[in-house]
Amino acid sequence: MSGTRRKALLKVIILGDSGVGKTSLMNQYVNRRFSNQYKATIGADFLTKDVMIDDRLVTMQIWDTAGQERFQSLGVAFYRGADCCVLAFDVTNAVSFKSLDSWRDEFLIQASPRDPEHFPFVLLGNKIDMEANRAVSAKRHVTMAQSWCAAKGGMPYYEVSAKEAVNVEAAFQAIARDALARESADTSDFPELENNINLNENNRSSSSGGCNC
Amino acid sequence: MSSVSSDVFFDDEKLQQGADENFVEMEVFDILDQARRENPALTRKEEITIAVNLCKEKLRLLSDSDEKEERTLRQGYLDKLIQLGLEKQTIDDEDGEKEEIVRVRGHSFVIQPIRGRNPTCEVCMTTIWKLMHAWRRCKYCGLRTHDKCTSSVGRMCASSLVTRRDFSLNMNICQEQGLAAQNYRCHECAHPLSFEESSTLEPRLCDYSGLYFCSSCHWNDQMTIPARVLHNLDSEPRPVSRASKQLLAMIDNRPLIPLAAANPMLIKLNSSLKRITRIRSDFLFMKCYFVSCRSARQLRILQYLCRHQHFVESADLYTMSEMRDIVSGKLLEEMEDIHQVFVKHITEECETCKGNAFICELCTDKQIIFPFSDNVSMCCKCLAVYHHKCFELRSRFCPRCERRSKRAPVDIDPNERL
Ligand SMILES: Nc1nc2c(ncn2[C@@H]2O[C@H](COP(=O)(O)OP(=O)(O)OP(=O)(O)O)[C@@H](O)[C@H]2O)c(=O)[nH]1
Ligand SMILES: [Mg+2]
Ligand SMILES: [Zn+2]
Ligand SMILES: [Zn+2]
Ligand SMILES: [Zn+2]
Ligand SMILES: [Zn+2]
Ligand SMILES: [Zn+2]
Ligand SMILES: [Zn+2]
């Protein structure tokens with residue numbers, strides 16, 4: 001495997017409470033469409049979008065998930081192999097901010113990434129078009145979100161509006177660029193090791209024949 | 001494996017709307033039920049008038065407050081009114097353009113063309129010579145009579161019987177009480193019966209109802225008996241009365257047979273029934289995958305179920321035609337084919353469905369597993385799936401539930417955090 005050729009597929013997962021606008025963000029980014037109508041997402045499904053990042057064609061596979069517990073997809077195998085996890089909250093809804101910790105934990109446990117400390121998360125504060133209804137004053141809000149991000153290993157924070165397409169394109173571009181940079185860093189650091197790990201894993205599963213627990 | 005109810009994925013709002021519709025339906029049903037009891041010869045048009053009056057009265061009584069409950073209820077009555085109005089119009093149209101429909105005992109008799117074989121009139125038992133006699137057929141149950149005989153039909157329409165809310169199939173195997181219990185008379189027309197040699201009085205036993213009939217009301221038609229197929233997997237057709245035959249024909253494709261509930265032992269002992277039951281429980285889980293999968297919706301994958309759509313509504317009811325196919329082995333074959341298509345979509349072909357799979361949290365195995373995989377267990381609270389052995393080893397401890405319980409719904413003012 002050559003050091004430069006890596007999969008040009010980026011898998012992005014969007015998590016957050018119901019109604020914060022996960023589906024709207026994805027639709028705005030992928031289809032440039034927005035609807036005021038709320039339709040709860042059932043289960044988890046993805047859309048793809050091809051983007052150019054510095055002369056590279058990258059396919060983004062964006063998984064939209066259900067915020068409502070009773071509509072959440074049965075299994076979350078799609079967490080595995082994610083390149084980035086987008087946490088979303090609604091700047092006019094304080095509870096949705098409170099839940100961020102648990103969404104992050106849930107992701108880390110189920111996805112079990114190799115290096116959880118440095119796994120790329122991005123925080124999106126959505127609905128900034130509803131400035132007047134903000135749960136806290138805009139300024140305090142930014143501080144609060146930023147300090148939470150800092151406490152979680154410095155994850156980037158973007159304030160966006162799916163409705164008015166504010167910052168949505170930019171945020172997802174940054175997400176792609178960030179995940180891509182990390183990937184190439186990964187491969188250039190340990191190109192040999194990566195191959196070995198894969199080999200060993202194959203050996204293990206073929207010799208044990210699946211779960212022997 | 002614990003079972004999951006198929007409505008895990010249903011919308012509350014829709015359920016609420018459904019409940020209100022049902023409430024209106026139930027009220028209408030009750031008042032019509034009562035009216036029918038008082039006057040069994042009620043025509044559908046008369047029924048509609050009664051129902052319309054009920055809805056109008058209820059609407060008058062409802063306050064015009066803007067409470068959500070009142071609003072949906074009001075909408076329920078309005079919708080019903082519209083529906084009734086349309087139905088009345090259709091009846092009027094039919095009545096107007098064709099020869100009128102004769103309505104007797106729940107039947108809707110329509111004049112028939114002269115083509116085809118000459119049938120027997122169910123009232124006077126003589127042949128209907130189509131070229132000479134005008135004749136009618138009930139558009140719901142198929143009962144045939146001379147035009148002049150329709151008014152003397154004594155038998156209730158099987159179709160209106162089975163649509164009654166209190167309708168249930170007889171699930172007891174032919175409980176014959178003897179002719180004396182019927183005063184030596186036909187159960188339907190009260191014609192005298194006797195076991196003595198004269199053939200016109202010959203009593204005929206109906207295996208479905210356990211009652212005796214005269215030869216006019218019992219033509220020795222043979223039908224599979226629900227109770228016998230349910231309790232003994234005996235699908236052998238047996239003689240039944242005309243009324244029973246018409247009723248059984250009517251319900252042949254309705255899911256009314258509660259196999260597992262009525263006969264759990266049978267399933268344990270019969271390997272193909274065991275497999276059928278397992279596939280049906282798999283179907284319920286698979287439906288959970290399909291409702292959140294765009295490509296499954298586009299492919300209309302649930303249409304593969306054809307006449308078995310009810311398989312993804314509940315886990316236990318079968319139709320009579322399915323019961324016969326269980327006995328012949330045809331149903332299992334058919335189900336295996338559908339199962340294969342579904343499994344292939346979810347576990348091989350579809351990225352989305354594969355994404356919604358599980359990875360056992362209790363071990364390091366990375367293979368994806370599904371609620372319908374072999375050797376898995378499901379947490380009955382959060383529906384997480386684990387390897388059966390892993391789950392038992394941990395005494396059925398569910399880490400996902402544990403996490404969810406910690407995620408108590410706290411309403412903390414975000415300002416506190418600053
Ligand atoms: N004003 C405003 N409304 C928004 C914005 N984004 C989403 N909404 C509205 O918020 C509601 C919920 O949006 P969704 O995108 O469906 O929320 P979700 O996070 O996908 O919700 P679940 O599928 O239940 O998890 C909808 O009525 C949207 O129209 C935004 O940026 N501004
Ligand atoms: Mg959504
Ligand atoms: Zn009829
Ligand atoms: Zn006749
Ligand atoms: Zn009789
Ligand atoms: Zn699918
Ligand atoms: Zn396991
Ligand atoms: Zn659980």
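Letters go in sequence order (proteins before strands), and every chain restarts at 1. These numbers were taken from a predicted model, which means no experiment stands behind them.
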- Message: Before we go on, tell me: are the rings of Phe78(A) and Phe46(A) under 6.0 Å apart, centre to centre?
- Response: no
- Message: Given heavy-atom pairs under 4.5 angstrom as the criterion, report whether the side chain, backbone, both or neither of Gln110(A) touches chain B.
- Response: side chain
- Task: Return the option, out of Gly75(A), Ser99(A), Ser112(A), with the maximum number of heavy-atom pairs under 4.5 Å with chain B.
- Result: Gly75(A)
Can you give each donor-acceptor pair under 3.5 Å made by side-chain atoms of residues 339-347 of chain B, sequence neighbours left out, with the distance rounded to 0.1 Å?
{"residue": "His339(B)", "atom": "NE2", "partner": "Asp282(B)", "partner atom": "OD2", "Å": "2.9"}
{"residue": "Thr347(B)", "atom": "OG1", "partner": "Val343(B)", "partner atom": "O", "Å": "2.8"}

- Message: For a quick check under 3.5 Å, do Gln75(B) and Asp79(B) share a side-chain donor-acceptor pair by atom type?
- Response: yes
- Relative to chain A, which segment of Ala357(B) carries a heavy atom at a distance below 4.5 Å: side chain, backbone, both, or neither? both
- Message: Suppose we screen for side-chain contact (heavy atoms from CB on, under 4.5 Å). Which residues come up paired with Ile82(B), at least two apart in sequence or across chains?
- Response: Leu86(B)
